[in-house]
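Everything on this sheet refers to the single structure shown next.
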Amino acid sequence: MALISSDRLRFPCEPWKLVESIHVPGDAGTLETLFSLGNGHLGIRGGHWAAADGDLPGTFINGFHEIWDIKHAENAYGFARTGQRIVYVPDANNFTVMVDGEQLSLAESTVRDYRRSLDFATGVYECTVTWECRSGAVVTTVERRVVGFESRGCLGIEFTLSSDRPTSVDITSSILNRQDQPVEDHSSHDPRRSGRHAGRVLRPLHLQGADGSLRLAWETTESRQRIGVAVDHWMSMDGQPFETVVGEDESAVRYVLAVNDGETFRLEKSVSYVVSAVEDTVADPGEALAAEAELRLVEFDSLLAESAEHYRNYWATADIVIGGQAEMQQAVRWNLFQLAQATARAGVAGIPAKGVSGSGYEGHYFWDQEIYLLPYLSYTNPAAARQVLESRHAMLPDARIRAKELSVDGALFPWRTINGLEASAYYAAGTAQFHIAAAIAFAANRYQWASGDSAFANEIGAELLIETARMWASLGFFGKDGMFHIHGVTGPDEYTAVVNDNLYTNVMARFNLRAAAELDHPGVLETDRIIWRQAASRMALPYDPHMEVHSQDNDFMTLEPWDWNTPRSKYPLLLNFHPLVIYRHQVLKQADTVLAMFLQWQDFSAEEKQRAFDFYDPITTGDSTLSACVQGIMAAEVGYSDIALKHFTEALFIDLDNTHANTVDGVHIASTGGIWSSLVSGFAGMRDQGEVLHFDPRLPEEWESLSFRLRLRGQVLDVELRPGSIAMSARADRFDGVPDGGGAASAGDAAAEPRGTALEVSVRGRRVVVGPDTVTVPLEAAPVPVPSVFPSLFPTAGVPVVGTLEG
């Protein structure tokens with residue numbers, strides 16, 4: 001059932017905010033995700049401050065994790081050995097509020113008025129509740145939260161309370177170690193959810209507190225990562241805290257006071273987190289960490305200013321405007337806001353599948369970040385895109401070791417990881433997804449193409465392309481037919497696993513080999529170049545001449561069709577059918593052949609793309625949140641405007657409407673990246689990595705306009721689509737963060753001189769030079785193709801069929 005879009009009284013449509021105006025029990029966990037705050041490094045879920053009103057509240061730091069030994073029921077060589085899981089760090093968003101002896105909570109108290117909001121323009125969470133207390137007092141509480149950006153480890157919380165009459169108030173502000181609290185483990189039946197550790201995870205190193213200040217530090221038991229936390233309180237009324245207590249799992253500062261009518265009690269809570277591997281030579285590493293956290297404390301008002309400044313700059317280039325579609329506009333901005341929250345200040349680190357909004361997928365980094373997130377970053381925040389690729393490059397030593405374990409050359413990056421080691425215990429849908437190597441190479445090539453960062457291209461980018469190309473050359477082989485084959489792999493579609501010549505994998509490997517062969521780099525030998533070019537030119541691409549469609553793999557067209565009378569209650573299939581049942585049927589989690597044709601758009605004809613879409617779209621379940629956005633992009637290119645809009649809308653509300661029933665575990669960040677691509681690459685028809693940037697617009701009839709900006713090679717390209725035209729202008733981007741000669745400057749580094757004076761782009765094959773003056777190109781309506789008609793699907797098994805054949 002839809003959530004946000006189904007109740008516009010409860011969730012009014014505001015262009016720059018997500019608002020909840022009525023509290024209704026039952027959706028707490030999902031709304032904690034939707035109202036979360038983050039900066040790519042630090043994230044806090046949007047839980048209410050009262051313990052009774054939370055579902056899965058918590059705070060996370062990107063990359064802060066615990067490890068454990070994976071116990072395989074039946075072991076084999078090369079299986080993943082060490083599990084990794086993001087840790088709930090000590091959580092500061094906890095208040096216990098007593099008014100005239102009554103403990104306030106949404107679950108138990110009488111609420112007269114309620115409103116909370118997440119402001120996309122400033123990054124501020126605010127919740128206002130008016131309570132009717134049993135004593136007769138009418139009390140209003142307001143909580144505001146904000147995370148830092150320059151001060152990326154800082155969180156600020158402001159709590160105010162006012163009353164219509166004199167009241168006795170008892171407020172306790174707490175820091176809780178939620179990681180070691182007993183919580184039900186839901187992961188045993190759903191691999192998308194995060195499990196829990198059996199033993200204690202956070203071991204206290206330093207616990208000190210006095211006069212409203214807390215200085216705390218912990219260390220993870222196995223990974224030996226350390227975190228320091230400093231907390232300061234300030235209140236608007238005279239007096240001191242009633243008590244300050246510290247403990248390994250809960251530390252608290254308590255205030256007992258009288259609030260008169262007309263007065264407002266204001267409490268500010270400044271929090272600083274520092275993660276560090278402090279050298280053991282330090283006498284007291286816990287005390288040192290807590291002291292470092294103290295030095296980095298920032299007051300609430302300063303954090304408000306930081307956040308407002310960050311989002312002012314962010315929206316200046318990242319905003320995407322849809323004309324005449326208010327509800328879609330709000331949803332688009334929420335998705336773009338989540339992209340900023342997952343990536344802005346991650347530093348040289350990966351982007352977890354849930355960002356820092358939840359513990360889903362254990363906080364791991366997947367291929368999602370390269371294929372679904374780096375397009376957005378490369379064209380809106382190139383410095384951050386570079387840092388993500390630097391984090392992959394830092395994993396090269398472990399990737400080379402992993403390649404040897406799998407008997408291949410070069411580097412084999414882990415399917416899912418935090419620390420660079422493979423963490424996927426199910427190899428068929430994990431390790432076998434070798435295509436992650438091509439995803440990394442593709443993202444590196446796109447970043448180089450879009451940014452013009454020559455230093456990256458000559459160093460990090462070249463090494464990523466070369467090492468992955470070596471892996472493909474050794475993984476595949478030249479068969480008796482003279483073609484280059486890659487066997488025993490799983491593509492993006494995890495409903496067909498460990499297959500031969502997966503089309504997506506082969507197409508992306510071909511790109512990887514071609515790009516590496518063209519490098520002018522001392523690490524590329526002439527023999528390498530010859531082998532890579534031959535492997536690319538002879539790459540096996542399965543094709544079914546009967547269906548006249550590229551086959552997803554060598555055997556896909558021989559599989560038994562799925563029974564589409566399967567009730568919706570049995571979806572997602574991975575939670576209701578054994579993998580072997582799914583693997584032997586013609587059914588998709590996501591259409592990876594369609595994805596291949598989107599990413600390698602130059603390599604396929606319009607007819608090939610249309611027939612592939614017509615064949616695969618109906619047999620794609622959409623069980624993957626990565627599917628709808630890509631299907632929508634290709635539907636737009638093919639000319640199916642209504643289908644494109646349907647898929648886009650589905651992708652747009654995946655989290656806002658909790659359509660996959662797992663938003664509780666965090667935002668589907670790759671899907672939010674897919675929203676950006678759906679608008680820019682789908683409806684605007686942008687394609688890159690050719691001679692010039694290319695546009696083939698497909699504006700939906702229902703939309704008045706679509707406008708956005710791209711940061712490209714030192715320029716900002718403004719694009720506006722309207723019915724019958726595309727208008728563009730370009731200006732210097734002094735803040736692209738990629739100076740000539742390379743180096744990842746801050747996204748706000750004004751020292752970078754603008755590069756280039758104009759941009760050449762292509763609009764439906766027509767070359768256009770774009771400069772400061774707006775250039776408008778008229779567009780004819782795109783043709784609507786006749787849908788393909790395929791021969792009837794012929795089941796491969798079943799008594800009725802056998803009986804028919806015998807008859």
Side-chain angles (χ1 to χ4, degrees), residues 28 32 36-37 42-61 87-99 101-109 125 127 129 141-147 153-161 169-183 200-202 204-218 227-235 239-257 265-273 290 293-294 297 300:
E32 285 170 3
S36 63
L37 287 177
L42 170 67
I44 178 169
R45 287 173 59 77
H48 290 286
W49 45 260
D53 301 324
D55 186 358
L56 281 176
T59 300
F60 301 93
I61 289 179
V87 169
Y88 286 77
V89 300
D91 180 31
N93 183 46
N94 307 281
F95 294 92
T96 302
V97 181
M98 306 278 290
V99 176
E102 176 189 359
Q103 183 170 325
L104 300 183
S105 76
L106 297 171
E108 300 292 338
S109 303
Y125 168 98
C127 181
V129 185
T141 61
V142 180
E143 185 195 21
R144 292 197 295 166
R145 298 177 211 147
V146 66
V147 296
C154 290
L155 165 69
I157 303 175
E158 178 194 65
F159 186 89
T160 65
L161 183 148
V169 177
D170 188 333
I171 298 178
T172 300
S173 168
S174 304
I175 301 289
L176 296 180
N177 169 19
R178 296 191 180 279
Q179 178 62 51
D180 292 313
Q181 301 299 312
V183 175
R200 185 172 182 89
V201 174
L202 291 176
L205 294 179
H206 181 77
L207 303 172
Q208 184 181 41
D211 299 326
S213 295
L214 303 170
R215 304 293 183 261
L216 314 165
W218 289 263
I227 183 168
V229 185
V231 183
D232 275 355
H233 291 82
W234 173 88
M235 68 172 180
Q240 293 294 316
F242 181 79
E243 63 178 348
T244 301
V245 296
V246 295
E248 63 180 20
D249 289 332
E250 182 173 3
S251 299
V253 177
R254 183 181 174 197
Y255 297 87
V256 179
L257 64 154
F265 168 72
R266 179 167 171 255
L267 179 65
E268 288 185 10
K269 188 173 188 177
S270 298
V271 188
S272 171
Y273 293 92
E294 179 180 2
L297 279 168
F300 179 77

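- Side chain of Ser213 to backbone of Gly209: no donor-acceptor contact under 3.5 angstrom is found.
- To the nearest 0.5 Å, atoms NE2 (His48) and SG (Cys127) are separated by 5.5 Å.
- A donor-acceptor contact shorter than 3.5 Å links the side chain of Tyr273 to the backbone of Pro90.
- Taking 4.5 Å as the limit, some side-chain heavy atom of Ser173 sits within range of a side-chain heavy atom of His233.
- The side-chain heavy atoms of Tyr255 and Val169, taken from C-beta on, include no pair separated by under 4.5 Å.
- Nearest heavy-atom pair, Ser272 versus Ala293, reported as atom, atom and distance to 0.1 Å: OG-O, 2.9 Å.
- Listed for the Asp53 side chain is a donor-acceptor partner under 3.5 Å among the backbone atoms of Leu106.
- Taking 4.5 Å as the limit, every side-chain heavy atom of Val246 sits out of range of all side-chain heavy atoms of Gln208.
- In this structure, CZ in Arg254 is found 11.5 Å from CD1 in Ile171, a value given to the nearest 0.5 Å.
- Residues Asn93 and Arg45 fail the side-chain proximity criterion, which asks for heavy atoms closer than 4.5 Å.
- Across all non-hydrogen atoms, the minimal contact from Ile157 to Ala92 is CD1-O, 3.9 Å.
- Residues Trp49 and Glu143 share a closest heavy-atom pair of CD1-OE1, 3.4 Å.
- Side-chain contact check for Arg178 versus Asn94: some heavy-atom pair is nearer than 4.5 Å.
- When every heavy atom of Ala252 is checked against every heavy atom of Thr172, the shortest pair comes out as CB-CG2, 3.6 Å.
- With hydrogens and angles ignored, the 3.5 Å screen pairs no side-chain donor or acceptor of Thr59 with any backbone N or O of Ile44.
- With rounding to the nearest 0.5 angstrom, the CD1 atom of Ile175 is 13.0 Å from the CG atom of Asp249.
- Looking at heavy atoms from C-beta onward, Leu176 lies out of side-chain contact with Tyr88 at the 4.5 angstrom threshold.
- With sequence neighbours left out, the side-chain hydrogen bond (donor to acceptor under 3.5 Å, both in side chains) criterion links Glu158 to Arg144, Arg266.
- Residue-environment remark: CD (Glu243) exceeds the threshold of 12 foreign heavy atoms within 6.0 Å.
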Margin query: Determine whether Val129 and Leu104 satisfy the following criterion, side-chain contact (heavy atoms from CB on, under 4.5 Å), listing intermediate values before the conclusion.
Written below: CA-CA 10 Å; Val129 185; Leu104 300 183; over 6 Å; no
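- Taking the side-chain hydrogen bond (donor to acceptor under 3.5 Å, both in side chains) definition, one finds that Asp55 meets it with nothing, sequence neighbours left out.
- At least one side-chain heavy atom of Asp232 sits less than 4.5 Å from a side-chain heavy atom of Arg215.
- Leu267 contributes atom CG, which lies 8.0 Å from atom CZ of Phe159 (distance to the nearest 0.5 angstrom).
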Next item on the list: Evaluate side-chain contact (heavy atoms from CB on, under 4.5 Å) for Leu214 paired with Thr244, printing each intermediate quantity in order.
Entry: CA-CA 8 Å; Leu214 303 170; Thr244 301; 3.8 Å; yes
Next item on the list: Applying side-chain contact (heavy atoms from CB on, under 4.5 Å), run through Lys269 and Val271 and close with a yes or a no.
Entry: CA-CA 6 Å; Lys269 188 173 188 177; Val271 188; 4.2 Å; yes
Note to self: Walk me through whether Glu248 and Asn177 qualify under side-chain contact (heavy atoms from CB on, under 4.5 Å).
What the structure shows: CA-CA 8 Å; Glu248 63 180 20; Asn177 169 19; over 6 Å; no
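- Side-chain atoms of Asp180 come within 3.5 Å of backbone atoms of Leu202 as a donor-acceptor pair (strictly under, hydrogens ignored).
- At a threshold of 4.5 Å between non-hydrogen side-chain atoms, the residues Phe95 and Thr141 do not count as touching.
- Closest of all the heavy-atom pairs between Phe60 and Val89 is N-CG2, 4.1 Å.
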